[in-house]
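Step one of this worksheet: look at the structure below.
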Protein chains: 2
Amino acid sequence: MEAVSIEARSPAQRERRRRILAAAVDLATEGGFDAVQMREVADRAEVALGTLYRYFPSKVHLLVCALLERFEDAEVRQRTVPAPGEDAQERVRHVLGGQTRALQREPLLTEAMTRAFVFADGSVAAEIRRVEAVVSDLLTGAMAGPGGSREDYRRTARVLADVWLAALVGWVTGRTTADDVWARLDDACRLLVL
Amino acid sequence: MEAVSIEARSPAQRERRRRILAAAVDLATEGGFDAVQMREVADRAEVALGTLYRYFPSKVHLLVCALLERFEDAEVRQRTVPAPGEDAQERVRHVLGGQTRALQREPLLTEAMTRAFVFADGSVAAEIRRVEAVVSDLLTGAMAGPGGSREDYRRTARVLADVWLAALVGWVTGRTTADDVWARLDDACRLLVL
DNA sequence: GCCAGTAGTGAAACGTGTTCCTATCATGAC
DNA sequence: GTCATGATAGGAACACGTTTCACTACTGGC
């Protein structure tokens with residue numbers, strides 16, 4: 001089942017897609033994963049339920065796409081304003097800290113997107129991979145710095161992304177505190193040979 | 001809502017609990033997360049649906065408890081037969097490799113338990129924490145070796161557990177191969193200051 | 001043994017993600 | 001302009017996790 005691609009044909013379709021994502025983000029921001037109910041998303045976006053499913057074949061697709069857009073924006077911004085810092089460790093800490101704080105500003109939205117991300121099954125593989133790629137770019141870009149080689153940092157970035165994800169999962173499900181997310185990233189940065 | 005505790009009062013209750021977990025594991029082994037349907041679990045365990053929900057307040061609880069029992073067994077076994085290896089890195093690699101191979105022998109069961117683990121919400125916090133504690137014991141025990149101090153390795157163990165989890169999630173959802181799980185753990189062991 | 005209270009049964013019912021179907025609408029080819 | 005084709009609306013229907021309820025069976029204290 002293929003979703004309507006991002007390069008949706010008509011302006012009306014792009015607009016519908018935008019409205020759907022906005023509705024999902026609003027509901028998630030207000031009530032988290034459970035509050036993103038497909039009928040309610042369709043109502044708010046003013047599309048029929050069947051249309052919603054034509055654009056996003058499942059609730060998880062929808063939320064992962066919302067997550068992807070956020071990270072894509074973040075990655076673009078990061079590219080225009082490179083992270084400050086003397087070395088790879090300082091720069092990647094800066095990025096991780098900033099992104100984590102941003103996620104923590106909207107706890108329920110982060111909960112919804114994070115749980116969708118980890119619960120996603122094989123049918124969402126393409127979107128998940130895109131998120132992983134963007135996050136990898138974000139982190140390797142920070143570590144490599146201007147003009148550095150990203151490839152040297154791919155493996156380290158993946159470890160950091162893994163720690164980040166696990167810490168976020170612990171936080172969004174109420175098992176740990178917001179500070180703990182940073183503590184775990186901090187530990188990881190310190191323990192990794194950077 | 002509190003599940004019937006593991007120290008269930010009567011032998012009949014312990015037996016019911018055992019049957020329920022066995023039924024869940026069987027179904028998961030055969031068809032993964034989606035195949036663990038509560039009505040079917042109740043049927044196979046020969047208990048009423050209401051009874052199943054008295055023992056395990058949700059499908060996720062049920063699968064996380066199954067995961068917990070597996071890791072508890074593994075941890076006990078690990079304690080009786082300490083991991084071989086000259087240093088912390090060798091020993092923890094041995095344990096991670098062995099456990100990962102064990103998980104990969106039953107891909108659908110691992111898929112079911114892993115997805116339950118990451119999708120679990122706050123109501124499963126207690127069980128999740130127990131799983132995390134057992135995994136931490138497993139890894140710190142390996143790294144500390146006989147007579148060593150576990151505490152020195154708590155943070156490293158958590159990073160490794162995070163990488164392990166993220167890699168397993170990637171594998172059970174078909175995004176990466178079984179070998180990739182090991183490759184990522186291998187990278188993490190190499191990149192960490194051990 | 002009897003009784004009170006707890007546990008278990010069986011079945012119906014509810015909520016929400018997902019699918020399906022038919023009628024209506026929009027758009028591009030001619 | 002007309003028509004064919006695909007997109008959207010509207011809504012019913014289905015699947016499965018979860019809840020509820022009335023009834024029965026068990027168990028521990030007397």
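Letters A, B, ... mirror the listed sequences (proteins, then strands); counts begin at 1.
Atom CG of A:Leu27 and atom P of C:dT16 are 12 Å apart (whole Å). Here C:dA13 presents its C1' atom at 14 Å from OH of B:Tyr53, a figure rounded to the nearest Å. The distance from atom CG of A:Asp34 to atom C1' of D:dT18 is 13 Å, rounded to the nearest whole Å. Distance, B:Ile20 CD1 to D:dG17 P: 15 Å, rounded to whole Å. In this structure, the CE atom of A:Met38 is 6 Å from the P atom of C:dT18, given to the nearest Å. The CZ atom of B:Phe56 sits 16 Å away from the C1' atom of D:dT18 (whole-angstrom rounding). Atom CD in B:Gln37 sits about 12 Å away from atom P in D:dT18, given to the nearest Å. The nearest whole Å value for the distance from the CG atom in A:Leu49 to the P atom in C:dT18 is 10 Å.
Phosphate contact (OP1/OP2 of D:dA7, side-chain N/O of A:Tyr55, threshold under 4.0 Å): absent. Remark: A:Gln13 is in phosphate contact with D:dT8, judged by side-chain N or O atoms under 4.0 Å from OP1 or OP2.
Across D:dA9, D:dT8, C:dA7, the shortest atom-to-atom separation from the side chain of B:Arg54 is found for C:dA7. Of the candidate nucleotides C:dA12, D:dG17, C:dT18, D:dG17 has the atom lying nearest to any side-chain atom of B:Lys59. Relative to the side chain of A:Val47, the nucleotides D:dA9, D:dA12, D:dG17 differ in distance, and D:dA9 lies closest.
Between A:Phe33 and B:Phe119, the distance separating the two ring centers is shorter than 6.0 angstrom.
Following chains of ILVMFWY side-chain contacts shorter than 4.5 Å, one cannot reach B:Val41 starting from B:Leu108, and the two form parts of different hydrophobic clusters.
Annotation: B:Arg155, atom CZ; neighbour count of heavy atoms from other residues, nucleotides and ligands within 6.0 Å does not exceed 12. At most 12 heavy atoms of other shown residues, nucleotides or ligands fall within 6.0 angstrom of atom CD in B:Glu46.
Within 4.0 Å of B:Glu46, counting heavy atoms only, lie sugar-phosphate atoms of the nucleic acid but no base atom.
Of the candidates A:Val172, A:Asp179, A:Val181, A:Gln104 forms a side chain to side chain contact (heavy atoms under 4.5 Å, CB included) with just one, namely A:Val181.
Residue-to-nucleotide contacts include a donor-acceptor pair under 3.5 Å from the side chain of A:Arg39 to the base of C:dT18.
Summary of the strand contacts: B:Ala12 and B:Val36 both lie near DNA chain D, and taking for each the nucleotide with the nearest heavy atom, the more 5' one is attributed to B:Val36.
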